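So you know, we letter chains A, B, ... as the sequences are listed, proteins then strands, and number each from 1. Computed from a predicted structure; not experimentally measured.
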Amino acid sequence: MFGQQEGKLHRPHGEFACLSVGIGEDVWVVQDAAQLPDLFKLVSPAKYFLYYNSMYDIRQLRRFLPMPQRPIWDCMIVEKILWGGYFSINEFALNDCVRRYLNIKMDKEPRKQFSVVSHMSDEMIHYAATDVYLTYKVYLEQLKEIAKRRYDMKTYDLIEEPCIWATLDFKPVKVNVKRWHEMVKELTIRGRSLENDLGVNVNSHQQLKEFIKNNTGVKVDNVQEETLLINANKIGKELVDKILLTKSLRKAESTYGEKWLANFVEDGDLVYADFKTVGTETGRYACSNPNLQNIPAHKIPEYRQLFISAKGRLIVADAQAQEPRILAHLSGDKALKQIFADGQDVHTIVTRAIFKDDTITKSDPRRDREGKTINLASSYGLSAQGLADKLNIELADAETFLRNYFAKFSGVAAFRDRMYSQANRFEYVESISGRRVWVNRHNYAWQNNSINAPIQASAADLLKTWLTTFHNRCIIDKVEFPVVLVVHDEIVLDVPLEQVALYKTMLKESFQVAAHKWFGDMPFELDVVHGTKWSCKKLNEEAD
DNA sequence: ATTACTCGCGCC
DNA sequence: CGGCGCGAGTAAT
């Protein structure tokens, strides 16, 4: 495409430049969009359409001809499945593959010309042709690698390929622009006036460190929230609170302020984010332009209330304690599995275990602090030092918690050791679908990675299978696919009021199908609520 | 003036 | 202690 803006490549805009098409070794560069329908008729018997980043091409091609769902081999997605964790996530461009497999350096300079010119030069034609030719060559290399590994490609066939089609069908999400402007104004005024009072630029860690030293004599290594809170007694509770509040107000202004609205809100107050199906080495989604997966939910809950329904109601569904269930399944730990079999609260039971006190109840504050934290830690890698830092306790106490935890959940300790030795022997670990995540043992965090990766990657498998099962169901039932957001263990739909009940049922059933497919009898629970806003707590009040 | 990097923080 | 994206500030070019 000619004349496309950076950061908007997922949006249909710009003028048609060319389409390069290869059939085997032969390459054409088509410069007339009117020829596209005939061209696609000609090539439609192909077993696969090979793409490099199919979502970009399909989104653009959809402007000129229908692009029905059909088998595709997306070399970029395949590459991420083959080498997740081996290369960093920004090393999966075509030129990276070409360099690695073929030892050829690609000249990406001509690509830059497309955004500023409106006709094809010879150099650009050559570039476009080379692009598609090398995509084919990369595909051949991938086939060799897959054969060498005797890899079944289950993760691609069952999860990633359907996921591409589902993601192409995502709908935009609506925001409350008027209220957003008002809120930003309010937060900006408060933030700037607080910053004036303080007399320091809180966005500058250097200046803020200096300020704290000059005013209180306390030297801090950094100005993270956690550090300031730990040192609150020395610095002064009131000052710390004021600094933190100012920082969070300034953040609201900079990240979610007027610039956000101007950049990302399109006609009808709709936001079209770029969801990348394989945005991480573990297979999780990532989202950008804008990132809708890190909209404040806890610190400034008002922001999620600015995401509203365009069709009638939002349905918000999220999986309960997904990762502890997956850990229970992968480890096979009897005590952990029993918690879920009995439908008990995992945080409470774990709190009882680490404090060796069976009288602890769900409302005990230790459940939310120590219990929840150790459950997070169990899927993040479990180190005593990390736990001590997080809970701001002595190392010895953290060690005691871990000792007690592993005494009760000995299967988790065995799982941990299995993952360490697998990572040591093979340099990779695997998810429930066989998704491979390479572990670099020269990385200081390799042990954490070898525990976390199978859990996080299996969670991604589950969410994606849930999503694509639901997508299929919508196609079969000939109803709109109403997904507007996907946030790791959560799917949000925007549906007409009269179809709320229908979609809730479909979503719940799809989730159970997906959970059963990968995790058999391990019980999974889905929380499903609906309302006019994307706000976790408030929704129930509006229900029905 | 532009680019690359660090720090910090939002989410799960 | 795991995984991301993004903005401001700062240092290097």
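Ring geometry for A:W438 versus A:Y86: interplanar angle over 60°, hence perpendicular rather than tilted (30 to 60°). In this pair, A:Y303 and A:Y256 present their aromatic rings tilted. The plane angle is within the 30 to 60° band.
Residue contacts shown for A:E225 are limited to sugar-phosphate atoms, with no base heavy atom under 4.0 Å away. Backbone-only contact: A:Q207 has heavy atoms under 4.0 Å from sugar-phosphate atoms and none from a base. Across all strands, A:T282 comes closer than 4.0 Å to no nucleic acid atom at all (heavy-atom distances). Using a 4.0 Å heavy-atom distance criterion, A:A377 is classed as a base contact. Residue contacts shown for A:I295 are limited to sugar-phosphate atoms, with no base heavy atom under 4.0 Å away. In this structure, A:T280 reaches the sugar-phosphate backbone alone: every heavy-atom distance under 4.0 Å involves primed, P, OP1 or OP2 atoms, never a base. The residue A:S378 sits apart from the nucleic acid: no heavy atom pair falls under 4.0 Å. Residue-level contact check: A:D318 touches neither bases nor backbone, having no heavy atom under 4.0 Å from any strand. Within the nucleic acid shown, A:A445 comes within 4.0 Å of sugar-phosphate atoms alone, with no base atom in reach, counting heavy atoms only. Across all strands shown, A:Q224 has heavy atoms under 4.0 Å from sugar-phosphate atoms exclusively, and none from any base.
With B:dG10, C:dG3, B:dC12 as the candidates, the nucleotide lying closest to the side chain of A:D489 is B:dC12. Of the candidate nucleotides C:dG3, B:dC11, C:dC1, B:dC11 has the atom lying nearest to any side-chain atom of A:N294. Relative to the side chain of A:R304, the nucleotides C:dG5, C:dG2, B:dC12 differ in distance, and B:dC12 lies closest. If you check C:dC4, C:dG2, B:dG10 against the side chain of A:Q456, the one that comes closest is C:dG2. Closest to the A:H488 side chain, of the nucleotides C:dG7, B:dC12, C:dC4, is B:dC12.
Here the P atom of nucleotide B:dC9 and the NE2 atom of A:H205 are 11 Å apart, to the nearest Å. Regarding A:E6, its CD atom lies at a distance of 11 Å from the P atom of C:dC6, rounded to whole Å. One interatomic measurement links the two molecules: CD of A:E258 to C1' of C:dG7, which rounds to 16 Å at whole-angstrom precision. If you measure from atom CD1 of A:I451 to atom P of C:dG2, you get 11 Å, rounded to the nearest angstrom. The distance between atom CZ of A:R284 and atom C1' of B:dC12, rounded to the nearest whole Å, is 5 Å. Put simply, CG on A:N90 is 14 Å from C1' on C:dG3, counting in whole angstrom units. For A:W446 and C:dG3, the CH2 to C1' distance is 19 Å, given to the nearest whole Å. We find that CG of A:N452 is positioned 11 Å from C1' of B:dC12, with the value rounded to whole Å.
For A:N203 and A:I89, each mapped to the nucleotide of DNA chain C holding its nearest heavy atom, the one lying further toward the 5' end belongs to A:I89.
The closest donor-acceptor contact from the side chain of A:K464 to the backbone of A:T277 lies under 3.5 Å. In this structure, A:H13 contributes its side chain and A:Q5 its backbone to a donor-acceptor pair below 3.5 Å.
A sub-4.0 Å separation between OP1 or OP2 of C:dA11 and a side-chain N or O of A:Q206 is present. Side-chain nitrogen and oxygen atoms of A:N449 include at least one within less than 4.0 Å of the OP1 or OP2 phosphate oxygen of C:dG3. In this model, the phosphate group of C:dT10 is approached by a side-chain N or O of A:S204 to a distance below 4.0 Å at OP1 or OP2. Residue A:K247 places at least one side-chain N or O under 4.0 Å from the OP1 or OP2 atom of B:dC9. For B:dC9, neither phosphate oxygen OP1 nor OP2 lies less than 4.0 angstrom from any side-chain nitrogen or oxygen of A:K251.
Between A:F275 and A:L485, some side-chain heavy-atom pair lies under the 4.5 Å cut-off.
No side-chain donor-acceptor contact under 3.5 Å links A:N289 and A:H10.
Shortest non-hydrogen contact noted between A:K372 and A:D368 is CB-O, 3.2 Å.
A donor-acceptor contact under 3.5 Å is not formed by the side chain of A:N291 with the base of C:dG5.
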